[in-house]
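Worksheet for the structure shown next.
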Amino acid sequence: MATTKRFPRSSERVEPEAFSERVRSKLGNAAGEVQVRFNQVIVSAEPGRIVDIMSTLKGDPELRCDYFTFLSAVDLQEEGLEVIAAVSSTRFENTVIVKVALPSEDPSLASVTGVYAGANWHERECAEMFGITFEGHPNLVKLYLPEDFEGHPLLKSFKLASRTYKPWPGATEPDEAAGGGRS
Amino acid sequence: MTEIVERFEEQGHGAYIEDFDEDSELMTINMGPQHPSTHGVLRLILTLEGEIVREAKPVIGYLHTGMEKECEDQNFRQAVTIVTRMDYLAPFHNELVYSIAVERLLGIEVPARGQAIRILMTELNRISSHLVWLATQGMDMGAISMMLYGFRERELLIDFFEMVTGLRMNHNYIVPGGVWQDLPDGWQTPVLDFMDIFPFKLKEYEDLLTDNPIWKQRTQGVGVITKEDAMALGATGPILRAAGLEWDIRKAFPYSGIEQYEFEVPTRTEGDVFARYLVRLEEMRQSLDIVKQVFDSMPKGDFKNMDPKVTPPPRKELTRSMEAVIHHFKLVTQGYNVPAGETYASVESPRGELGCYVVSDGGSNPYRVHMRDPSFVNLQCLPPMMKDTLVADTVATIASSDPVMGGVDR
């Protein structure tokens, strides 16, 4: 039968604060601000350094972020786009979230599929939904949307057809009531 | 060969055979999206050399409805109704992970009873989801009786969910702040019944399958993925545990007070379909154990956070308190504002790590909701699992990864 073990699982668990210190010292000047929020380590990174940072997170023996969690983006409108990549260390039981700010015009970022193969579909989704080009991605074609789909649905500028202006069928002012409104 | 393709198309079969290379004898055929064994609308493009699959390419998106975008148009309370429809076999987990993320941003706590109800519902949901997996895995491999047994036991749970939430699926029950309604009177009876019956049923499944030579031949050494591959691709849940890594969000990042309960995380090292079967069977047993502990220690008290800024006041308050009426009106017409910020929450769904990234700009609608769905990630593992295996095993492999296309496509 299956083998089992009792809680708590890992004796090597590191507290998030201590882990953020490790991340800060290992990444050095490759990363910007490193902070801890809700027990997760948040790293802000320059777009040019993303592959370096991810390689360090994965390869460094004191970080060992061997498990790829997800990659997605947020459209911050005036402040451009923000790409979020989360990885976890199964050994030290910590999650690191890397944030990269990109401009809204022609956003592009180096692909991390070389480091984490699992980023493949996440980047494809992100590319079609936000219009971000992932340079070096092996197969950057549309994932969910049809080939001929135009636009990037998760951008705030993309309005859903069902949410665009639809006039209220009835009268909104007392004066109008005589002239029209719902019969 | 083109004649065959043409004849197929003339007969209305569509381009079933997509391509045939005379020299290398590689044939590209299409499987799905409407195929009984693809669990919804998964499409696979298989490159075959005789009976051997040389390459498998999953094609998804047939169920994509833009739910993440839709969440941005609802307020924080209403978005629960959207997220619960994503992974429709584990609706409680979807609601829970979203609610945890919103609660973190709000900075509110959930009372002990609310937490315990959440664990009770999600662990029962894990069993009901695994039962659907067992049913479909059996059916796909010709064990039709498993299909009947799995759905028969699941019905007991679905009835209980209906009793508690009013709905069989897409319950909209776990909401930011707690759960929207207390457990009804007499909720103990169906749970007790289930706890009595289910160990015998599990025994029955094991008697039927575990030592069954046909079952073993169809599952052992089929759809193998190594621990390294699974981790690199981000595979989670029973796939990862069957490949040998003991990684469970309930242990690593406990939520909703799950750390109070004693349970074990089953693992195997083979990484094949049979290992996933054993892991899931043991997980059902462990979940039942958690349910027993929750049942015995169900705390009394509030089942949701009673902060009037988040939770509508009780009905009887509305007739005598003006303040309650104002709170009620504000909550119903606008919802509540959530402080600006973002967070990533995760829970262990039946299929693995289910995550939710919520961004708030300080308004009453989520600015962005992203779901990290385990099925989506697990489907990426199909190509390495299927490479150089028999075409007959593809069906067993798909079933063992237990994809829910509603979650994959969102």
Side-chain angles (χ1 to χ4, degrees), chain A residues 1-10 13 37-40 42 58 66-77 82 84 86-95 97 99 115-122 125-126 128-129 139 142-146 153-156 158-160 162-163, chain B residues 59-61 64 66 68-70 72-73 104-105 229 231-236 240-242 245-248 250-254 259 261-269 275 278-279 281-283 286 341-346 353 355 357 359 361 367-368 370 372 376-377 379-381 409-410:
Chain A
M1 269 281 61
T3 51
T4 50
K5 234 191 249 173
R6 294 252 157 213
F7 190 81
R9 209 191 119 242
S10 173
R13 180 183 208 124
R37 287 197 68 200
F38 305 117
N39 290 329
Q40 288 158 345
I42 319 263
K58 187 181 187 187
D66 45 10
Y67 172 75
F68 182 78
T69 309
F70 78 100
L71 184 144
S72 190
V74 183
D75 179 12
L76 298 172
Q77 288 167 307
E82 188 178 63
I84 308 126
V87 291
S88 298
S89 171
T90 51
R91 184 156 182 183
F92 305 118
E93 300 191 344
N94 268 282
T95 301
I97 297 175
K99 290 184 177 179
V115 188
Y116 293 99
N120 191 323
W121 282 16
H122 295 261
E125 183 191 1
C126 214
E128 65 180 353
M129 294 294 170
N139 180 28
K142 287 200 163 71
L143 182 68
Y144 289 131
L145 303 172
L154 280 177
L155 289 178
K156 290 283 174 182
F158 187 99
K159 299 289 179 215
L160 290 178
S162 57
R163 301 280 164 195
Chain B
V59 181
I60 60 171
H64 179 68
E68 288 180 1
K69 180 87 173 174
E70 193 61 40
E72 294 170 13
D73 276 322
R104 267 195 212 157
L105 291 174
D229 276 359
M231 282 171 83
L233 290 167
T236 58
L240 188 60
R241 287 192 284 272
L245 185 77
E246 199 193 358
W247 176 248
D248 190 315
R250 289 176 293 176
K251 295 283 191 193
F253 310 117
E259 66 274 16
Y261 308 108
E262 221 172 71
F263 64 99
E264 295 175 354
V265 178
T267 56
R268 300 286 297 186
T269 48
L278 289 179
V279 164
L281 224 54
E282 183 61 25
E283 272 183 31
Q286 295 298 330
E342 64 278 302
T343 187
Y344 174 73
S346 57
E353 174 175 355
Y357 189 79
V359 183
D361 61 350
Y367 190 77
R368 168 109 169 87
H370 175 71
R372 187 256 190 223
F376 174 74
V377 189
L379 269 192
Q380 281 197 83
C381 302
D409 290 346
R410 300 188 298 284

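Below, chains carry the letters A, B, ... as their sequence lines are ordered, and counting in each starts from 1.
- Taking 4.0 Å as the cut-off between side-chain N and carboxylate O, A/K99 and B/E342 count as a salt-bridged pair.
- Among the candidates B/R104, B/E353, B/R241, the residue making the largest number of heavy-atom pairs closer than 4.5 Å to chain A is B/R104.
- In terms of modelled atom types and a separation under 3.5 Å, the side chain of B/K69 and the main chain of A/K156 share no donor-acceptor contact.
- A pairwise comparison of heavy atoms in B/R368 and A/S72 identifies NH2-OG, 2.7 Å as the closest pair.
- Using a 4.5 Å cut-off between heavy atoms, A/N94 touches chain B through its backbone atoms (N, CA, C, O) alone.
- Closest heavy-atom contact between A/T69 and B/R372: O-NE, 2.6 Å.
- Residue A/I97 comes nearest to B/Y344 through the heavy atom pair CD1-CB, 3.8 Å, listed as atom of the first residue, atom of the second, then distance.
- Closest approach of A/I84 and B/Y357 over heavy atoms only: CD1-CE2, 3.4 Å.
- Rounded to the nearest 0.5 Å, atoms NE2 (B/H370) and CD (A/E125) are 5.5 Å apart.
- Ring-plane geometry between B/H64 and A/Y144 is classed as parallel, the angle between the planes falling under 30 degrees on a 0 to 90 degree scale with a further cut at 60.
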**Report entry** Intermediate values then yes/no, side chain to side chain contact (heavy atoms under 4.5 Å, CB included), B/T343 and A/R37
**Finding:** CA-CA 8 Å; B/T343 187; A/R37 287 197 68 200; over 6 Å; no

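- Ring centroids of B/F376 and A/F70 are separated by 6.0 Å or more, keeping the two rings apart.
- By number of non-hydrogen pairs under 4.5 angstrom with chain A, the leading residue of B/D361, B/V359, B/D409 is B/D409.
- Looking at A/E128, there are no atoms closer than 4.5 Å to chain B (heavy atoms on both sides), in backbone or side chain.
- Note that CG of B/L240 and OH of A/Y67 are 7.0 Å apart. Values are rounded to the nearest 0.5 Å.
- For A/L145, the part lying near chain B is the side chain, with the backbone staying farther off; criterion is any non-hydrogen pair under 4.5 Å.
- Rounding to the nearest 0.5 Å places NZ of B/K251 at 10.5 Å from CD of A/E93.
- The contact between A/L143 and chain B is made by backbone and side chain atoms together, counting heavy-atom distances below 4.5 Å.
- In plain terms, the two heavy atoms of A/R13 and B/P254 that are nearest each other are NH2-CD, 4.3 Å.
- Listed options A/N39, A/L76, A/I42 were ranked by heavy-atom pairs under 4.5 angstrom with chain B; first place goes to A/L76.
- Side chains of B/L379 and A/W121 form a contact here, defined as non-hydrogen atoms less than 4.5 Å apart.
- Proximity to chain B is limited to the backbone of A/A73, based on heavy atoms less than 4.5 angstrom apart.
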Query raised in the report: Taking it one step at a time, do A/T95 and B/F253 satisfy side chain to side chain contact (heavy atoms under 4.5 Å, CB included)?
Result: CA-CA 9 Å; A/T95 301; B/F253 310 117; 3.3 Å; yes

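- Side-chain contact between B/Y367 and A/V74: present, with at least one pair of heavy atoms (C-beta onward) separated by less than 4.5 Å.
- Here the shortest heavy-atom pairing between A/S88 and B/W247 reads CB-CZ2, 4.3 Å.
- Residue B/A235 touches chain A through its backbone alone, counting heavy-atom pairs closer than 4.5 Å.
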